[in-house]
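None of these values were measured; they are calculated from a predicted model. FYI, side chains are in, hydrogens and waters are out, and symmetry mates aren't considered; it's all heavy atoms of this structure.
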Amino acid sequence: MLLLFILIPLLMLVALWGSRNLAQTRAVMVIGSTLLLVLSVDLTTNFIALRNAGETAAMLYTHSWSWYAPLNICLSVGVDGISVAMLLLSSIIVFTGTFASWRLKPMTKDFFLWYTLLSLGVYGFFISTDLFTMFMFYETALIPMYLLIGVWGSGRKEYSAMKLTLMLMGGSAFLLMGILGIYFGSGATTMNIHEIAAAGNIPTAMQYIFFPLTFIGFGVLGALFPFHTWSPDGHACAPTAVSMLHAGVLMKLGGYGCFRIAMYLMPQAANDLAWIFIILTTISVVYGALSAVKQTDLKYINAYSSVSHCGLVLFALLMMTKTACTGAVLQMLSHGLMTALFFALIGMIYGRTHTRDIRQMRGLMKIMPFLAVGYVIAGLANLGLPGFSGFVAEMTVFVGAFEVNDLFHRTVTIIACTSIVITAVYILRVVGRILYGEPENEEHMKLSDATWDERFTVICLVACVAALGIAPLWVSNLISDGVGNILASIY
């Protein structure tokens with residue numbers, strides 16, 4: 001079943017390459033993304049059924065094929081609850097991103113080829129249990145970003161694409177050193193993550209060297225301060241679907257990797273050095289929110305908001321309580337859905353007004369009510385209104401962080417909590433400015449509301465955000481075993 005997450009995107013690439021017109025390209029994307037969504041839903045239901053039936057193995061659906069024997073590299077696959085949740089999130093974003101790009105021009109076929117390759121890397125990363133193959137899929141997910149932004153982006157797209165690529169490749173260099181250090185330092189005869197963790201042979205002195213390298217390597221993608229500067233520029237210049245997939249899924253590879261590899265395989269260093277990264281993530285949370293207040297570009301506002309919310313993921317993981325780490329995974333899911341909805345709506349508004357400057361927009365509620373209401377819902381979810389996913393995730397994070405009963409952890413938790421207030425400031429400011437009042441630009445009065453494909457995208461994402469907020473318990477139960485197994489190794 002898990003190999004289908006690799007095979008379907010590969011078949012989509014072949015079909016896209018052979019497509020002869022726009023209709024065939026769209027058909028391939030709709031069929032392929034729908035199959036991936038159905039597959040992820042089926043995997044989720046089967047996984048829950050197996051757990052309810054008493055299956056207690058750390059990873060399910062495991063299999064391994066030898067790939068390069070001299071270095072013990074295997075194509076190893078397997079999933080726990082965290083992986084399943086991330087696969088479901090990825091499938092939702094890829095599916096809705098397809099419809100968000102329905103009218104994208106020019107070179108639609110080429111765009112979807114790179115978009116599919118990016119999604120292939122994401123799926124492969126989440127199902128891999130081998131260090132090398134995980135790193136390979138990680139790189140596969142990063143490389144298409146340069147072309148997707150540099151060719152189909154807007155604004156300073158070449159600068160932003162190059163900045164993003166250089167910083168993420170720099171993070172990958174740290175990550176590669178960390179992975180090689182883990183493999184050779186443990187004296188392992190396998191690159192399987194769970195076998196290395198079970199052996200626990202990495203000397204503490206080596207953990208102190210390779211834990212920071214691995215955590216920073218993944219942390220760069222997770223917008224860890226001060227390595228976050230690529231993120232706002234990259235998001236602001238990327239086309240809509242790429243912004244959705246990048247902020248919604250790709251940045252989650254950072255938090256997932258920090259938890260699954262850095263903390264899981266090097267627990268002693270994680271415990272001893274966590275305070276350093278807690279300080280950096282606290283800065284990310286507050287700095288990102290404060291920076292969003294000062295922005296006037298809709299995409300930059302959401303990009304800095306993503307820095308804050310992704311910082312909250314790493315912040316929660318480093319608290320190393322089960323509640324906080326469960327909240328971190330919920331935050332990954334919540335932020336992925338919310339930010340995808342935001343970027344989709346911003347792209348739709350920009351496509352009509354040809355501006356993202358909030359000073360040049362007013363009264364959009366009268367002109368395009370469907371998009372305006374969608375933006376209000378996204379904003380309320382982002383600031384943590386009860387009933388939406390943001391409230392569930394952030395409350396779980398802060399309650400879990402406050403469980404650590406010492407002055408340092410509780411102080412940084414209180415500081416991080418201020419981001420809730422700051423988020424409300426910039427969200428309500430933007431909503432009040434661009435949606436209400438009388439339109440000031442006469443040309444805007446001629447604009448149309450959402451088309452069918454845009455409405456479908458928005459409705460799907462709003463439904464997911466509301467579903468996670470109203471019924472979060474099944475997701476919490478899904479990921480609890482995965483979180484518990486990793487934390488059992490860290491303690």
Side-chain angles (χ1 to χ4, degrees), residues 155 160 163-164 167 219-237 243 246-247 251 254-255 275-319 327-328 331-332 334-336 338-339 341-343 346 356-359 361 375-376 378-385 388 390-391 393-395 397-398 401-402 408-434:
S160 298
K163 182 178 182 180
L164 177 147
M167 292 201 69
V220 171
L221 187 55
L224 175 68
F225 181 90
F227 310 104
H228 67 284
T229 55
W230 61 270
S231 179
D233 291 323
H235 286 143
C237 297
S243 292
H246 189 192
M251 292 179 74
W275 66 272
I276 300 172
F277 294 101
I278 287 174
I279 293 172
L280 295 179
T281 54
T282 305
I283 295 172
S284 291
V285 171
V286 179
Y287 167 79
L290 287 172
S291 297
V293 174
K294 297 291 290 181
Q295 304 303 313
T296 57
D297 184 300
L298 283 174
K299 272 201 169 184
Y300 271 102
I301 292 170
N302 199 37
Y304 277 107
S305 175
S306 293
V307 171
S308 177
H309 284 90
C310 288
L312 202 57
V313 171
L314 298 178
F315 175 86
L317 292 174
L318 290 163
M319 291 298 170
Q331 177 69 5
M332 284 195 274
S334 171
H335 175 258
M338 289 189 308
T339 201
L341 176 58
F342 255 132
F343 277 122
I346 292 168
R356 297 195 302 260
D357 192 330
I358 62 174
R359 295 167 297 185
M361 290 182 279
Y375 196 92
V376 171
L380 294 176
N382 204 24
L383 60 81
L385 186 75
F388 292 109
F391 175 79
E394 291 184 13
M395 289 306 100
V397 166
F398 290 128
F402 214 72
F408 169 72
H409 287 85
R410 291 199 166 178
T411 301
V412 294
T413 301
I414 292 169
I415 294 171
C417 280
T418 61
S419 66
I420 299 173
V421 180
I422 303 169
T423 301
V425 171
Y426 66 76
I427 291 295
L428 297 176
R429 165 177 163 258
V430 172
V431 168
R433 169 65 199 175
I434 70 172

With a 4.5 Å cut-off on side-chain heavy atoms, are M319 and V397 touching?
no

First locate atom CG of N382, then atom CD1 of I427, and finally report the distance between them rounded to the nearest 0.5 Å.
4.5 Å

Is any side-chain heavy atom of M361 closer than 4.5 Å to a side-chain heavy atom of L298?
yes

Taking only residues two or more places apart in sequence or in another chain, which ones pass side chain to side chain donor-acceptor pair (under 3.5 Å) with Q331?
none

Between G222 and C310 the two heavy atoms that sit nearest each other are O-CB, 3.6 Å

Among residues two or more places apart or on two chains, list those pairs meeting side chain to side chain donor-acceptor pair (under 3.5 Å) that have a residue in residues 414-429.
S305-Y426

Provide the full list of side chain to side chain donor-acceptor pair (under 3.5 Å) pairs with a residue in residues 292-304, sequence neighbours left out, each pair given once.
D233-Y300, S243-K299, D297-R356, N302-T339

For a quick test of reading the model, state the closest non-hydrogen atom pair linking H335 to S306 and the distance between them.
NE2-OG, 3.1 Å

For F277, what residues pass the ring pair (Phe, Tyr, Trp, His ring centres under 6.0 Å) criterion, not counting sequence neighbours?
F211, F215

Suppose we screen for ring pair (Phe, Tyr, Trp, His ring centres under 6.0 Å). Which residues come up paired with F343, at least two apart in sequence or across chains?
H235

Should V313 and M251 count as side-chain neighbours, where that means a heavy-atom distance under 4.5 Å?
no

Could you check whether any side-chain heavy atom of F227 comes within less than 4.5 Å of a side-chain heavy atom of L221, counting everything from C-beta outward?
no

F225: what forms a ring pair (Phe, Tyr, Trp, His ring centres under 6.0 Å) with it, not counting sequence neighbours?
H228, Y287

Check whether any side-chain heavy atom of I301 lies under 4.5 Å from a side-chain heavy atom of F342, and answer yes or no.
no

S284 versus A223, closest heavy-atom pair with distance
OG-O, 3.6 Å

Residues in side-chain contact (heavy atoms from CB on, under 4.5 Å) contact with I414, at least two apart in sequence or another chain
F402

Please list all pairs passing the salt bridge (charged side-chain N to carboxylate O under 4.0 Å, His left out) test where one or both residues lie in residues 281-293, with sequence neighbours left out.
none

Which residue pairs satisfy the salt bridge (charged side-chain N to carboxylate O under 4.0 Å, His left out) criterion with at least one member in residues 410-428, sequence neighbours excluded?
none

Contacts of I415 that satisfy side-chain contact (heavy atoms from CB on, under 4.5 Å) - sequence neighbours left out
T282, V286, T411

CD1-CG distance between I346 and L341, expressed to the nearest 0.5 angstrom
9.5 Å

Would you please name every residue forming a side chain to side chain donor-acceptor pair (under 3.5 Å) with R359, sequence neighbours left out?
D357

Determine, stepwise, if the pair L428 / L383 fulfils side-chain contact (heavy atoms from CB on, under 4.5 Å).
CA-CA 9 Å; L428 297 176; L383 60 81; 4.1 Å; yes

What's the separation between atom OG1 in T413 and atom CD1 in I278, rounded to the nearest 0.5 Å?
8.0 Å

To the nearest 0.5 Å, what is the distance between CG (L380) and OH (Y375)?
11.5 Å

Evaluate the criterion side-chain contact (heavy atoms from CB on, under 4.5 Å) for residue pair M395 and I420; output intermediate values, then yes/no.
CA-CA 10 Å; M395 289 306 100; I420 299 173; 3.9 Å; yes

Only counting residues at least two apart or in another chain, list the ones meeting side chain to side chain donor-acceptor pair (under 3.5 Å) with S334.
S389

